[in-house]
Amino acid sequence: MRILQLHSNFIVFKPVQKEIAIAEEAEQKENRVEEVVVLFTAIEEGDNAAMAQKAIDDVRAFLGKLKVNRILIYPFAHLSSNLSKPSEALKVIKDMEAYAKEKGIETYRAPFGWNKQFTISIKGHPLAEQARSYAPTPEAKAEGETKKEEEPVSAALKAEDKLQSFWHIILTDGSLVPVEEFKFKGHVNLQKFSQYEIKKARAVTQMPPHVTLMKRLEIADYEAGSDPGNIRWYPKGRMIKSLLEQYVTSRMNAYGAMEVETPIMYDFNHPSLKSYLNRFPARQYVLKSEDKELFLRFAACFGQFLMAHDAQFSYKQMPIKLYELTRYSFRREKSGEVVGLKRLRAFTMPDCHAFCTDLEQAKKEFLTRFNICVEVLSNIGFTKDDYEIAMRFTKGFYDEHKDFIAELAKTFGQPMLAEVWNERFFYFILKWDINFVDNQDKAAALSTDQIDVENAKRYEITYVDEKGEKQYPLILHCSPSGAIERDIYALLEKAYRDQMAGKAPMLPLWLSPTQVRLIPISDKFMDKAEELAKQIASHRIRVDIDDNASTLQKKIREAEQEWVPYIIVIGEKEIESGTLSVRDRELKSQQQNMTADQLIAKVTEKIAGKPFKPLPLPLYISKRPQFHG
RNA sequence: GCCUCGAUAGCUCAGCCCGGUAGAGCGGCUGCCUUGUAAGCAGCAGGCCGCGGGAUCAAGGCCCGCUCGAGGCUCCA
C-alpha cells in the first residue's frame with residue numbers, strides 16, 4: 001500500500017469518466033473539502049484489512065499533531081506499479097473508510113474506478129507532505145492467506161502446496177506396486193518418466209533437438225516481435241499443423257462430439273468465472289479494453305461451460321459432448337519454462353467435454369475416450385513405445401473403483417505410473433495423461449482426460465433426471481491429442497531419436513510437406529517431370545520438382561535433408577523403360593523400381609483415411625523463398 | 001520469476017581473455033557446367049557485431065540496464 005498524505009487548505013475534485021467496470025456510482029459534479037488531510041492511496045497486491053487499519057492508525061497519529069480531524073481517502077493508482085486487482089483494492093479502500101469512521105474521524109472519500117479531475121492547495125508546513133509505503137508484513141500476509149483459506153477454492157490451492165503424492169506402478173492386472181519395488185528392466189521410458197515426475201532431476205546442456213529441427217525444416221520459429229512462447233509458422237509448418245487439426249477434429253466428429261466455437265477472451269469480473277479463475281492467479285494474459293478487464297482463455301472450459309449453463313438437456317440426451325479446437329489457448333507460463341514447441345504461451349488445444357449423468361456413465365465414457373486417445377496418437381504417428389501413462393487418483397477412489405483402474409490398465413496393456421493422493425485436492429477424482437519422453441529425458445503430457453466433480457456446480461450446469469429434477473452432471477475434460485504444437489514437438493523429437501539410432505529421420509508420410517520429389521537430370525527432361533507431377537498430384541499426393549540449376553547429387557542431398565520420403569530421378573532410362581527409380585527414405589534410401597501407378601498406389605494406401613492438403617509451396621523449387629537460412 | 005550462460009552476414013560460427021579499419025563456410029545473386037542417386041567451378045553482393053547507457057583518445061571485445069534465447073530451480077489445470 002502506498003499513501004501520499006497532504007495537509008491541504010482545500011481540494012476540489014470531479015469524477016470525469018468511469019475507468020473500469022466495477023467503478024463505484026458517482027455524480028459527475030465538483031466536490032470541495034476544506035481543511036483536510038488528503039490520502040492519495042494505491043492498494044497493492046497482498047494488502048488487506050489489517051493493513052488498512054494500520055495505515056489509518058498512522059494517519060490518526062498525524063491528525064493529532066496537525067490538529068485536524070478530517071480526511072479524504074482518494075484512490076490514486078499511479079503511486080504503484082504493483083497494484084492489486086481492482087475488486088481487492090476497493091475492498092481495502094472501504095475497510096480504511098469504515099475503520100476511520102469508527103475511530104471518529106470525519107471521513108470523505110473520492111469514488112473508486114473513475115478518472116478524476118482535481119485541484120489542491122497544500123499547506124506549507126514541514127508535516128504537510130508525507131509519503132508512506134506498507135509492504136505486507138509476515139503477520140499481515142499470513143492473515144491474508146488465512147482469510148483466503150476461507151474461500152473453498154483458495155483452500156484447495158493452498159492444500160496443493162502440502163499435497164503429498166505416493167508413487168506406484170500400475171501393473172496390467174490393475175494392482176499397485178510401489179515405485180521403489182518395481183523392476184524397470186525393459187521399461188526404460190517408464191523409468192525415465194517416473195524419475196521425471198518424482199524427482200524432477202535432470203542435467204542437460206543441449207539445445208532441445210526439436211528446436212533446431214523446427215527451424216531447419218522451416219516448420220516454425222520463435223517470433224521475437226511477439227511475447228515468448230508465441231510461435232511463427234512457415235508454410236510447411238502451417239500445413240502440418242493444419243492437417244493435425246483437421247485429423248483430430250474429424251475424429252472427434254466421428255466420436256459424436258458437437259463442434260462449437262467460443263470467445264478467446266472473458267470478463268475478469270464475470271461471476272461464474274471468478275472462483276474458477278482464483279485458482280490460477282498469475283497465469284493469464286490480461287488486457288484492458290475501455291472499462292473492462294479481460295483475460296485470454298487458457299482452455300475451452302470457460303466458453304463451453306457458459307454454453308452448457310444456458311443449455312437445456314435431460315438424462316435422455318446424455319452423455320453430451322462438446323468439442324472445440326482452441327486456436328489459441330493462452331497460458332502465461334513463467335518465462336524460464338517456455339521452450340520450443342513443447343511449452344508455449346499460445347497454443348492450439350483440442351478440448352472435448354462430456355457431460356455425464358453419473359459415475360457409471362462417466363466411467364463408460366472415460367474408457368471409450370481412453371481408446372480414442374490411444375488411436376488418435378497412433379494415427380498421428382506414435383506407438384505405445386513412444387509414451388508413458390500416468391494415472392492420478394485418491395486412495396479412496398482406488399479402493400472403491402479398483403476394477404475400473406484395472407480395466408484401464410488392461411486396456412493399455414503396459415505398466416503405468418500411478419500418483420496416489422490421500423485426499424482430493426483438485427476438482428477431479430480421476431485423471432490420466434499420456435506423456436512423451438524426449439531426448440533430454442523430459443516428459444510432456446499429450447492426451448489427457450479427467451472426471452470433474454466440481455465445475456458443474458460452480459457454473460450451475462444442470463440436467464433434468466428421470467424424476468424431472470435438476471441434477472449436476474459429472475464433466476469429463478479430454479484433449480485427445482494434447483496441444484497440436486506439442487504433437488509436432490514429439491514427432492520431431494522422435495525423428496531425432498530415430499536419427500541417433502541410425503535410422504533416417506522423417507515425419508509420417510501424411511504430414512510430409514513434400515511426399516514425392518522429382519529430379520529431372522537435365523532441362524531436357526523437364527517436360528516429362530511436369531507430366532509426371534501432374535499425374536501424381538491428381539491422386540492427392542504432394543509432389544514437387546527440383547528445377548534448380550545444380551547437380552543431381554546436390555539435389556538428392558537437399559531432398560534428403562528435407563526428409564522427402566520418395567525421391568525420383570528422371571532421365572533417359574526412365575523414359576525408355578517406363579519404370580521409375582524411387583529412393584525410399586523408409587528403406588534407408590534404397591532404390592526401388594516401380595511404375596508411376598505402383599508408386600501412387602503405395603502412397604495412397606499409406607495415407608488412407610488421413611486428411612489431405614495440397615503442396616504448401618510452389619511446385620518448382622526455384623520459385624520458393626527461403627524462410628530460414 | 002530466480003541463478004548461470006549466450007546473442008557478430010539470411011544460417012552455422014570464429015574474433016572478445018590481452019580495446020586499435022569486420023572474418024570463414026553454407027546460403028543468395030551472376031556466369032560456366034547439362035549432370036545418373038548425399039555438397040561441380042568462378043566471380044559478386046551481403047554487417048546499427050541484439051537494444052540502450054557508461055568509462056576510454058578509441059569498444060564487436062570492458063562496466064551497467066533491457067530484450068530475446070539456452071540450461072538449472074520452480075511450475076506444469
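This is a predicted model, so every value here is computed, not measured. Chain letters run A, B, ... following the sequence lines, proteins first, then strands; residues in each count from 1.
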Which one is paired to [N], where only Watson-Crick or G-U wobble pairs with both distances under 3.5 angstrom count?
N: B:G6; value: B:C68
N: B:C73; value: B:G1
N: B:C32; value: B:G40
N: B:C49; value: none

Interatomic distance where [atom1] belongs to [X] and [atom2] belongs to [N] [whole Å]:
X: A:Q450; N: B:C76; atom1: CD; atom2: P; result: 14 Å
X: A:N230; N: B:G69; atom1: CG; atom2: P; result: 10 Å
X: A:L552; N: B:G40; atom1: CG; atom2: P; result: 10 Å
X: A:N548; N: B:G40; atom1: CG; atom2: C1'; result: 15 Å
X: A:E218; N: B:G27; atom1: CD; atom2: C1'; result: 11 Å
X: A:L341; N: B:G69; atom1: CG; atom2: P; result: 13 Å
X: A:K215; N: B:C26; atom1: NZ; atom2: P; result: 22 Å
X: A:D546; N: B:G36; atom1: CG; atom2: C1'; result: 15 Å

### Query
Toward the 5' end of RNA chain B, which comes first, A:R343 or A:V339, by nearest nucleotide?
A:V339

### Task
Starting from the 5' end of RNA chain B, give me the residue, A:E558 or A:I568, whose nearest nucleotide shows up first.
A:E558

How far, in whole Å, is [M] from [N] if one measures between their [atom1] atoms?
N: B:G15; M: B:C62; atom1: C1'; value: 16 Å
N: B:G53; M: B:G43; atom1: C1'; value: 43 Å
N: B:C63; M: B:G72; atom1: C1'; value: 27 Å
N: B:C5; M: B:C76; atom1: P; value: 28 Å
N: B:A22; M: B:A9; atom1: C1'; value: 10 Å
N: B:G61; M: B:A55; atom1: C1'; value: 15 Å
N: B:U30; M: B:G47; atom1: C1'; value: 22 Å
N: B:C51; M: B:U8; atom1: P; value: 10 Å

Between [Y] and [X], does any NZ, NE, NH1 or NH2 come within less than 4.0 Å of an OD or OE carboxylate oxygen?
X: A:R542; Y: A:D544; value: no
X: A:E245; Y: A:K241; value: yes
X: A:E333; Y: A:R343; value: yes

Are [X] and [Y] close enough that their ring centres sit under 6.0 Å apart?
X: A:F393; Y: A:W421; result: no
X: A:Y459; Y: A:H309; result: no
X: A:H477; Y: A:F305; result: yes

#### Entry: Residues in ring pair (Phe, Tyr, Trp, His ring centres under 6.0 Å) contact with A:Y285, at least two apart in sequence or another chain
A:F330

Proximity to the side chain of [X] - top-ranked nucleotide from [options]:
X: A:S522; options: B:U35, B:G69, B:A77; value: B:U35
X: A:D523; options: B:C68, B:U34, B:A77; value: B:U34
X: A:Y222; options: B:A38, B:A70, B:G27; value: B:A70

### Task
State whether the distance check finds a donor on one side and an acceptor on the other, under 3.5 Å, for side chain A:R331 versus base B:C75.
no

Determine the contact category for [X]: base if any of its heavy atoms lies under 4.0 Å from a base atom, sugar-phosphate if only primed atoms, P, OP1 or OP2 are that close, otherwise nothing.
X: A:R216; answer: nothing
X: A:T448; answer: nothing
X: A:Q553; answer: sugar-phosphate
X: A:I556; answer: base

### Query
Of all of residues 570-586 of chain A, which get a heavy atom below 4.0 angstrom from RNA chain B, listed by number?
A:G571, A:E572, A:K573, A:E574, A:S581, A:R583

### Query
Which nucleotides of nucleotides 1-11 of chain B have their base under 4.0 Å from a protein heavy atom (B), which only their sugar-phosphate (S), and which neither (-), written as one string 5' to 3'?
B--------SS

### Query
Can you say whether the rings of A:F627 and A:Y234 are parallel (under 30°), tilted (30 to 60°) or perpendicular (over 60°)?
tilted

### Summary
Note: A:L617 and A:R624 closest approach over all heavy atoms is CB-NE, 3.5 Å

### Summary
Taking every heavy atom of A:V376 against every heavy atom of A:V248, the minimum-distance pair comes out as CG1-CG2, 4.3 Å

### Message
With rounding to the nearest 0.5 angstrom, report the CE to CD distance, A:M391 to A:E419.
### Response
13.0 Å

### Query
Can you tell me how far OG1 of A:T595 sits from CD1 of A:I600, rounded to the nearest 0.5 angstrom?
8.0 Å

### Message
For a side chain to side chain contact (heavy atoms under 4.5 Å, CB included) check, start with the C-alpha distance between A:Q284 and A:R297, then their side-chain angles and the critical distance, and finish with the verdict.
### Response
CA-CA 8 Å; A:Q284 299 91 35; A:R297 67 176 173 196; over 6 Å; no

Can you pull every protein N or O that's under 3.5 Å from an N or O on nucleotides 42-48 of chain B?
none

### Task
With syn defined as a glycosidic angle within 90° of 0 and anti as everything else, classify B:G50.
anti

### Task
Apply ring-ring contact (aromatic ring centres under 6.0 Å, His included) to the pair A:F298 and A:F347, showing each step before the final yes or no.
CA-CA 9 Å; A:F298 46 83; A:F347 56 96; 9.7 Å; no

### Query
How far apart are the C-alpha atoms of A:Y266 and A:F302, what are their side-chain angles, what is the distance that settles it, and do they pass the ring-ring contact (aromatic ring centres under 6.0 Å, His included) test?
CA-CA 8 Å; A:Y266 294 88; A:F302 311 99; 5.5 Å; yes

For residues 521-531 of chain A, tabulate all N or O donor-acceptor pairs below 3.5 Å that involve a side-chain atom, not counting sequence neighbours.
from	atom 1	to	atom 2	distance (Å)
A:S522	OG	A:K524	N	3.3
A:E530	OE2	A:Y620	OH	2.6

Got a list of protein N/O to nucleotides 29-33 of chain B N/O distances below 3.5 Å?
none

### Message
salt bridge (charged side-chain N to carboxylate O under 4.0 Å, His left out), that's the test. Do A:E337 and A:R332 meet it? Break it down for me.
### Response
CA-CA 10 Å; A:E337 299 163 359; A:R332 225 195 43 197; over 6 Å; no

### Query
Counting only side-chain N and O atoms of A:K442, is one of them less than 4.0 Å from OP1 or OP2 of B:G72?
yes

